[in-house]
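All chains are named by letter (A, B, ...) in the order of the sequence lines, taking the proteins before the strands, and each is independently numbered beginning at 1. All of these numbers come straight from a predicted model, not from anything done at the bench.
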Amino acid sequence: MNKYRSHNCSELRESDSDKKVYLSGWLHRKRDHGNLLFIDLRDHFGITQCVVENKNKYFKVLESIRQESVIKVYGNVVKRELGTENKDLKTGKIEINIDNIEILSEAKDLPMPVFGEQEYPEDIRLKYRFLDLRRNQMHKNIVLRSKVISFMRSEMSKLGFLEFQTPILTSSSPEGARDFLVPSRLNPGKFYALPQAPQQFKQLIMVSGFDKYFQIAPCFRDEDARADRSPGEFYQLDIEMSFVEQENVFEVVETLMINLFKNFSSKKLMFQKFPRISYEEAMIKYGSDKPDLRNPLLIHDLTNIFERDDVTFDIFKKLVKSGSKVRCIVTKKTKDKARSFFDNIDKWAKEQGASGLAYFTIEKENEISAKGPVGKFFKEEALKEIMKITAAEVGDSIFFACGKVNDVEKITSLAREKIARDLNLIDENKFAFCWIVDYPMFELDELGKKIQFSHNPFSMPQGDIKKINFDKPLEIKAYQYDIVCNGIELSSGAIRNHIPELMYKLFLIAGYNKTQVDEKFSGMINALSYGAPPHGGIAPGIDRIVMLLAGEKNIREVTLFPLNQNAQDLLMGAPSEVDEKQLKELNIKIEKKINS
RNA sequence: GGGGGUGUAGCUCAGUUGGUUAGAGCGCCUGCCUGUCACGCAGGAGGUCGCCGGUUCGAGCCCGGUCACUCCCGCCA
């Protein structure tokens, strides 16, 4: 092919026997027999075994050179003797008899080995990412990521979407996450912001008449990290479409996801048509708006039961009287589970900051009774009612949580997952997608006083625009939706509000008057005032999709050069201090924080 | 900002109730070895037990503080 190689390290077969070839790659592994030396030569494509005997003048050189050095090998392709073949290698039926070699780049002692599948501390992996990325699993994940993105591009193009780039230096937006700011040299004292998402731009693209747009869009948010959330930056498949209803967006995304997941994973899709679950229903049944539908457990509301006279569980009754809710989870056929199973869950709940989970098991001798620490507080009639509501049967157990709606939703949602894991109810070989729909337009803030947008302020409220009752804002639903897979939120989207008058009304409810809206969203409002198509879209998170396809639990496993949890790049040393001169040009002065 | 976990050789980890000189595997160095593919065998070097302080006759182990990494909550679409 060129002066470095005639073939790559995965190419040679029996049929190439007796050919003179030259290969280049990393010295993956050495097996030194003293007078005979085996070398596994590795490149991106695979591994080829090379052999050299002590009479070769390069023998000593190869003996002393370190792993991960890059060498060029010149030699003869030889068919391996029967019994010395390696079935695990594509090239396992041949080997290279080395004539001579050339060292292209020598490696120092390694801080972490490339060979093997052991786990290593993440700070070392990130500092030596180039070594980490040579390792098989990481290398595969990154290749997968590349293929997924290519696939998305080609599918979107086939569907008639056009790919555009939107600005990276843009303006700070008042809603949503913290912005990354970039000082402007030409405009002293002013800042650009990196886009949290190309939200306004993609809407402007629709207003500009381009009909359907997509982009593999970088998004920047200055928020704290999680396992499934990179600090700093991540990528979305940003999509926007003109003249569409919610279902049209769903069609595109469902088709894409089904093709994508069928193409890149052997795991089965639980639903060929993704279930649509309203936000309200999701919060009751799963305690979360990102339910893992592989998990068969459901949450039920039992608040009313604790208003009955034949229930004497006073702690819960008192809480219910003061507005708390009771929710429960039923586990099937758990009456013979060891006491420790129940107690562990209760203990776990306390560790999560809840006041624990009460539980009992339904039994029947002469009459139906509840066995367990709080069982004695429930008479037969009450138990029958509970069984009716929850579809619980004799032999099943019920776990209860009581508290304010938000708290009880949080703990039951976590408990649903915890209990299912303990009982091994989650099928890891499935993908369960669903849509969460009908999000409320507004919600109360934590103090329950101020009304604020619950999602995106640019979403279109549902129903006949002329008949919306703005006096009851909390009842207004929006054409706002999320797509969730295996409990991971992949994306949210919405049909956008393209009517300025309506937008002013909604902003007013959230406490912004017309002047304020004009100031903050002048570009957007202005654009919508000169003929805007009804439009909507969505933006699936690419990192999370690849994470699911790769079967990884951490987003950094599918990211080439991720920041660590403190948003530092240990390889490049970012963020870093800058020259006084640079600061001066930008009119910026650093005030050192003095710790007392 | 808050809570949990981890921190012992270059790397992965063990280290009993607080008790003499802190161990193993991989890697590294030296020697032996012509069919290995996690090659094998023999020997060797390598340690501020994250850091600071305390308790104790004695601390890798107990206590307090602190730092780093990570997971979670807050935050975030």
Any A:Lys290 side-chain nitrogen or oxygen under 4.0 Å from OP1 or OP2 of B:rC76: no

Expressed in whole Å, how much space separates the [atom1] atoms belonging to [N] and [M]?
| N | M | atom1 | answer |
| --- | --- | --- | --- |
| B:rG19 | B:rC63 | P | 15 Å |
| B:rC33 | B:rC69 | P | 49 Å |
| B:rA59 | B:rC49 | C1' | 11 Å |
| B:rG27 | B:rA42 | P | 15 Å |
| B:rG74 | B:rU6 | P | 24 Å |
| B:rG58 | B:rC73 | C1' | 42 Å |
| B:rG50 | B:rC61 | C1' | 16 Å |
| B:rC13 | B:rC32 | P | 35 Å |

May I have the distance from [X] (atom [atom1]) to [N] (atom [atom2]), rounded to whole angstrom?
| X | N | atom1 | atom2 | value |
| --- | --- | --- | --- | --- |
| A:Asp407 | B:rC73 | CG | P | 14 Å |
| A:Phe115 | B:rA38 | CZ | P | 6 Å |
| A:Arg226 | B:rC76 | CZ | P | 11 Å |
| A:Ile47 | B:rA38 | CD1 | P | 10 Å |
| A:Gln118 | B:rA38 | CD | P | 15 Å |
| A:Ile411 | B:rG3 | CD1 | P | 19 Å |
| A:Asn86 | B:rC39 | CG | P | 11 Å |
| A:Lys127 | B:rG10 | NZ | P | 13 Å |

Side-chain H-bond candidate by donor/acceptor type, A:Gln462 with A:Asp438, under 3.5 Å: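 On atom types as modelled, these side chains qualify, holding a pair under 3.5 Å.
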
Between A:Asn97 and A:Asn76: side-chain donor-acceptor atoms closer than 3.5 Å: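 The answer is no; no qualifying pair exists.
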
Partner residues of A:Asn295 under the side-chain hydrogen bond (donor to acceptor under 3.5 Å, both in side chains) criterion, sequence neighbours left out: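 If we apply the side-chain hydrogen bond (donor to acceptor under 3.5 Å, both in side chains) test to A:Asn295, skipping adjacent residues, there are no hits.
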
Aromatic plane relationship, A:Phe250 with A:Trp435 - under 30° parallel, 30 to 60° tilted, over 60° perpendicular: parallel

Parallel, tilted or perpendicular: rings of A:Phe261 and A:Phe433 (30°, 60°):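 A:Phe433 vs A:Phe261 ring planes: perpendicular.
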
Set of salt bridge (charged side-chain N to carboxylate O under 4.0 Å, His left out) partners for A:Lys79, sequence neighbours left out: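 By the salt bridge (charged side-chain N to carboxylate O under 4.0 Å, His left out) rule, A:Lys79 matches A:Glu14.
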
Close aromatic pair by centroid cut-off 6.0 Å: A:Phe453 and A:Phe442: yes

What's the shortest heavy-atom distance between [X] and [Y], and which atoms?
| X | Y | value |
| --- | --- | --- |
| A:Gly536 | A:Val244 | N-CG2, 3.8 Å |
| A:Asp16 | A:Glu11 | OD2-O, 4.0 Å |
| A:Pro198 | A:Asp238 | CG-OD2, 3.5 Å |

Side-chain (A:Asp543) to main-chain (A:Arg229) donor-acceptor, under 3.5 angstrom: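 Not at all, since once roles are kept as given, no pair shorter than 3.5 Å links the two residues.
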
Sugar-phosphate, base or nothing in reach of A:Gly541, heavy atoms under 4.0 Å: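 Nothing, no nucleic acid heavy atom in range.
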
Show the distances under 3.5 angstrom between N or O atoms of the protein and N or O atoms of nucleotides 68-70 of chain B.
from, atom 1, to, atom 2, distance (Å)
B:rC69, OP1, A:Asn564, ND2, 3.3
B:rC69, OP1, A:Asn566, ND2, 3.4
B:rC69, OP1, A:Gln568, OE1, 3.1
B:rC69, OP2, A:Asn566, ND2, 2.5
B:rU70, OP1, A:Gln565, N, 3.2
B:rU70, OP2, A:Gln565, N, 3.3
B:rU70, O3', A:Arg556, NH2, 3.3

Upstream residue (5' side of RNA chain B) when A:Ile124 and A:Glu223 are each assigned their closest nucleotide: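 By nearest-heavy-atom nucleotide position, the 5'-most residue is A:Ile124.
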
Sugar-phosphate or base contact per nucleotide [nucleotides 27-36 of chain B; S, B, -; heavy atom under 4.0 Å]: SS----BBBB

Residues which pass ring-ring contact (aromatic ring centres under 6.0 Å, His included) with A:Phe214, listed by chain and number, not counting sequence neighbours: none

Watson-Crick and G-U pairing of RNA chain B written in dot-bracket, each distance under 3.5 angstrom, with | for inter-strand partners: (((((((..((((.....[...)))).(((((.......))))).....(((((..]....))))))))))))....

Donor/acceptor link under 3.5 angstrom from A:Arg221 side chain onto base of B:rC75: no

Value rounded to 0.5 Å, distance of CD1 in A:Ile39 from CG in A:Asp32: 9.0 Å

